[in-house]
There are 2 protein chains.
Amino acid sequence: MNAEQLSTWLSAIASPQRMRILSQIVSEPLHVSELARRVQMSRPLLYMHLTKLEEAGFVAGHHELTPDGKALKLFHALPFSSTIDLATLSAAVAATDAHNTRQPDESE
Amino acid sequence: MNAEQLSTWLSAIASPQRMRILSQIVSEPLHVSELARRVQMSRPLLYMHLTKLEEAGFVAGHHELTPDGKALKLFHALPFSSTIDLATLSAAVAATDAHNTRQPDESE
DNA sequence: TTCACCTGTAATAAAGTTATTACAGGTAAG
DNA sequence: CTTACCTGTAATAACTTTATTACAGGTGAA
């Protein structure tokens, strides 16, 4: 994990709004409209936040049909745990530096 | 720790630039101008980043006089370690909710 | 005095994030 | 057909963060 990736990961949860969203779908998955009502947020805005959370791997969404045939998009939180300290950050910076110093033909 | 405080803390390190700054002053303290040269950043910009890091408790700065009498401002990284997971985030959101639901006369 | 360092901040520009509004389109029930 | 739900996106406004430029002022050495 390089500095940019770690930054993307941390930025995704470093938002009170996204923390609230996440905490709502820890125990039970919810569909977008219902989730929007619970966190009192417009759907377009919620989509933006969910997209960031999904890209960083904190949530996953999947379509589901209700018994009566309505299509819902359900989201649920994915479990994770990570320890952050100076060593973690330094390692990420080192990974970035190594990448940028690398010769053109060197592989990932 | 409520959601806003956790957000401030995470946001402070969720930046590749600030990770680079931090990793430079882990082993040895450096004065502002020298640090600016190492991370290739203008001093005013570096000050802005250092202020954020200091407010979040990741670095500390102190003035020091060189043997020949020049005043330098040295910064060094403060050690820390924190585990981030769904429980941490949910607890922060709960702390915020508790605060907002509280009666006017309730204490901190 | 001039040069080469250093600290510190104010004003502003540039870029990125967050939030809103307004759409288009779907299903099922009354 | 209208009402009441749902998904999804495009355009844009409002705001925050990041970065630059331009100052003012200090010390010590040549």
Side-chain angles (χ1 to χ4, degrees), chain A residues 3-22 24-25 29-56 58-76 96, chain B residues 3-22 24-25 29-56 58-76 96:
Chain A
E4 301 244 319
Q5 295 170 322
L6 180 55
S7 170
T8 300
W9 191 84
L10 288 169
S11 298
I13 38 171
S15 150
Q17 299 284 250
R18 289 192 284 272
M19 289 181 198
R20 282 173 55 218
I21 292 168
L22 261 179
Q24 284 288 333
I25 53 179
L30 293 176
H31 68 262
V32 181
S33 292
E34 174 60 21
L35 183 51
R37 279 190 293 269
R38 299 232 189 152
V39 297
Q40 301 193 82
M41 190 179 287
S42 68
R43 265 187 324 108
L45 180 54
L46 178 55
Y47 265 97
M48 185 275 282
H49 285 303
L50 284 172
T51 301
K52 288 207 172 173
L53 287 170
E54 193 166 32
E55 282 170 356
F58 291 106
V59 304
H62 59 278
H63 286 276
E64 205 166 287
L65 287 166
T66 57
D68 56 336
K70 283 181 181 168
L72 299 182
K73 185 157 189 186
L74 293 172
F75 273 93
H76 64 276
T96 300
Chain B
E4 301 245 319
Q5 295 170 322
L6 180 55
S7 170
T8 299
W9 191 84
L10 288 169
S11 298
I13 38 171
S15 148
Q17 299 286 249
R18 289 192 284 272
M19 289 181 198
R20 282 172 56 219
I21 292 168
L22 261 179
Q24 283 287 333
I25 52 179
L30 293 176
H31 68 262
V32 181
S33 292
E34 174 59 21
L35 182 51
R37 280 191 293 270
R38 300 232 189 152
V39 298
Q40 299 194 78
M41 190 180 285
S42 69
R43 264 188 323 110
L45 180 53
L46 178 56
Y47 265 96
M48 185 275 283
H49 285 302
L50 284 173
T51 301
K52 288 207 171 173
L53 287 170
E54 194 166 31
E55 282 170 355
F58 290 106
V59 305
H62 59 277
H63 287 276
E64 206 167 287
L65 286 167
T66 57
D68 57 336
K70 282 180 181 166
L72 299 182
K73 185 159 190 186
L74 292 172
F75 274 94
H76 64 276
T96 299

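Here is the naming used below: chain letters follow the sequence lines, and residue numbers restart at 1 for every chain. Please read all numbers here as calculations on a predicted model, not as lab measurements.
What you find for B/Gln17 and B/Met41 is that their closest heavy atoms are OE1-CE, 3.5 Å. Of all heavy-atom pairs spanning A/Phe58 and A/Leu22, the tightest one is O-CD2, 3.8 Å. Taking every heavy atom of both residues into account, B/Ile13 and A/Leu10 meet most closely at O-CD1, 4.0 Å. Summarising the geometry of B/Ser11 relative to B/Arg18, their closest heavy-atom pair is O-NH2, 3.1 Å, with the distance given to 0.1 Å. Here the closest non-hydrogen pair linking A/Ala12 and A/Ala56 is CB-CB, 3.5 Å.
Of the two residues near DNA chain C, A/Ser42 and B/Val32, the one whose nearest nucleotide lies more 5' is B/Val32. Checking B/Leu72 against A/Ser15, the closest nucleotide of DNA chain C that is more toward the 5' end is the one next to B/Leu72.
Just one of B/Val32, B/Ile21, B/Leu53, B/Leu30 meets the side-chain contact (heavy atoms from CB on, under 4.5 Å) condition when paired with B/Phe75; it is B/Val32.
A heavy-atom distance below 4.5 Å is found between the side chains of A/Asp68 and A/Lys70. Looking at B/Val59 and B/His76, their side chains never come closer than 4.5 Å, going by heavy atoms from C-beta outward. Considering only heavy atoms from C-beta on, A/Lys73 stays 4.5 Å or farther from A/Glu64 through its side chain.
Listed nucleotides C/dG8, C/dT20, C/dT18 differ in distance to A/Pro44; the shortest reach to its side chain belongs to C/dT20. Checked against C/dT18, C/dT7, D/dT7, the side chain of A/His31 finds its nearest nucleotide in D/dT7. Checking C/dA19, C/dT17, C/dG8 against the side-chain heavy atoms of A/Lys52 singles out C/dT17 as nearest.
Among the protein residues, B/Leu45 comes within range of the nucleic acid bases, having at least one heavy atom under 4.0 Å from a base atom.
Contact between the side-chain N/O atoms of B/His49 and the OP1/OP2 oxygens of D/dA19 is found at a separation under 4.0 Å. The phosphate of D/dT7 has OP1 or OP2 within less than 4.0 Å of a side-chain N or O from A/Ser33. Close to D/dC23, at under 4.0 Å from its OP1 or OP2, lies no side-chain N or O of B/Arg43. For the pair A/Gln17 and C/dT17, the criterion of a side-chain N or O lying under 4.0 Å from OP1 or OP2 is not met.
For the segment residues 60-70 of chain B, residues with any heavy atom less than 4.0 angstrom from an atom of DNA chain D are, sorted by number, B/Asp68, B/Gly69, B/Lys70.
The CG atom of B/Leu30 sits 15 Å away from the C1' atom of C/dC6 (whole-angstrom rounding). Rounded to whole angstrom, the span from the CE atom of B/Met48 across to the C1' atom of C/dT7 amounts to 18 Å. Summarising the geometry, the separation between CD on B/Glu4 and C1' on D/dT16 is reported as 14 Å, rounded to the nearest angstrom. Between A/Leu50 atom CG and C/dT18 atom P the separation is 13 Å, expressed in whole Å. Rounded to whole Å, atom C1' of C/dT9 lies 14 Å from atom CG of B/Leu46. Look at CZ on B/Phe75: it is 14 Å from C1' on C/dC6, rounded to the nearest Å. At whole-Å resolution of the value, CD in A/Glu54 and C1' in D/dG8 are 14 Å apart. With rounding to whole Å, B/Tyr47 atom OH is found 14 Å from D/dC23 atom C1'.
The existence of a salt bridge linking A/Arg37 and A/Glu34 is confirmed by a sub-4.0 Å separation between a basic side-chain nitrogen and an acidic carboxylate oxygen.
End-to-end axis angle of the helix from C/dT1-D/dA30 to C/dG30-D/dC1, using five pairs per end and rounding to 10°, comes to 20°.
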